[in-house]
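Worth knowing before you read on, the calculation uses all heavy atoms, side chains too, and leaves out hydrogens, waters and symmetry mates.
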Amino acid sequence: MSQSIFEQYDIFKTMHPVKIQVMKELAEEMQGKDMKDAAPLLMAATSRLKNHNLSFSPQESAVLLEILTKDMNPQERAKVEMMKNVIRKQRKR
């Protein structure tokens with residue numbers, strides 16, 4: 001029996017159960033979709049967390065992106081990396 005992606009990261013041992021559930025739902029919703037379809041799904045996930053007064057930490061966000069990009073081709077991963085760099089630069093301002 002193969003190990004679930006969510007069992008491969010220690011972060012899930014201490015993460016709030018609602019965050020885990022939202023992350024699992026997002027991973028399922030993103031399966032087979034292009035990254036261009038991610039924005040509305042990510043916004044919906046963020047809204048679900050806000051309803052519980054929660055948000056993903058930077059470490060949790062990094063794991064989420066790793067999970068969401070694991071099956072992407074190199075071109076799609078490059079686009080994600082470019083978006084991450086833009087976001088990082090905006091945060092520094």
Side-chain angles (χ1 to χ4, degrees):
M1 182 180 206
S2 68
Q3 187 180 29
S4 163
I5 189 86
F6 291 93
E7 295 169 351
Q8 295 175 18
Y9 296 91
D10 288 337
I11 194 170
F12 293 111
K13 293 177 183 172
T14 58
M15 189 184 292
H16 192 285
V18 172
K19 289 183 179 185
I20 294 171
Q21 184 61 38
V22 169
M23 208 178 268
K24 284 181 178 181
E25 290 170 0
L26 182 59
E28 286 175 15
E29 291 169 353
M30 281 296 299
Q31 233 172 2
K33 293 196 169 115
D34 291 333
M35 209 49 203
K36 67 180 182 200
D37 300 323
L41 297 174
L42 288 168
M43 289 174 27
T46 300
S47 292
R48 288 193 300 261
L49 287 178
K50 284 183 182 180
N51 289 338
H52 295 278
N53 295 318
L54 297 171
S55 62
F56 289 128
S57 69
Q59 184 182 12
E60 292 165 345
S61 294
V63 169
L64 176 60
L65 273 176
E66 188 173 326
I67 290 169
L68 293 178
T69 60
K70 71 179 175 51
D71 295 326
M72 288 184 177
N73 65 44
Q75 293 86 0
E76 289 175 319
R77 282 189 184 176
K79 289 178 189 176
V80 171
E81 285 302 317
M82 200 166 57
M83 287 186 337
K84 283 172 36 179
N85 290 333
V86 168
I87 291 168
R88 264 190 229 120
K89 287 177 185 177
Q90 288 178 343
R91 285 183 183 161
K92 289 181 181 180
R93 290 182 188 170

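Every residue meeting the salt bridge (charged side-chain N to carboxylate O under 4.0 Å, His left out) condition with Glu81, not counting sequence neighbours, appears here in chain and number order: Lys84. Contacts of Glu66 classified as salt bridge (charged side-chain N to carboxylate O under 4.0 Å, His left out), with partners at least two apart in sequence or in another chain: none. Evaluation of the side-chain contact (heavy atoms from CB on, under 4.5 Å) rule for Leu49 yields Val18, Lys19, Val22, Leu54, Phe56 as partners, not counting sequence neighbours. For Ser57, the side-chain contact (heavy atoms from CB on, under 4.5 Å) partners at least two apart in sequence or on another chain are Gln59, Glu60. Taking the side-chain contact (heavy atoms from CB on, under 4.5 Å) definition, one finds that Lys79 meets it with nothing, sequence neighbours left out. With sequence neighbours excluded, the residues forming a salt bridge (charged side-chain N to carboxylate O under 4.0 Å, His left out) with Lys13 are Asp10, listed by chain and number.
Applying the side chain to side chain donor-acceptor pair (under 3.5 Å) test to pairs two or more places apart or on separate chains, those with a residue in residues 38-53 are Glu25-Arg48.
Taking CG from Leu42 and CG from Leu65, the interatomic distance works out to 7.5 Å, rounded to the nearest 0.5 Å. Atom-to-atom distance recorded for Asn73:CG and Glu76:CD is 4.0 Å, nearest 0.5 angstrom.
Closest heavy-atom contact between Met23 and Leu64: CG-CD1, 3.3 Å. Between Phe12 and Ile20, the shortest heavy-atom contact is O-CD1, 3.4 Å. The two residues Ala27 and Leu68 have their closest heavy-atom pair at CA-CD2, 3.8 Å.
You'll find the side chain of Tyr9 stays beyond 4.5 Å of the side chain of Met15, heavy atoms only.
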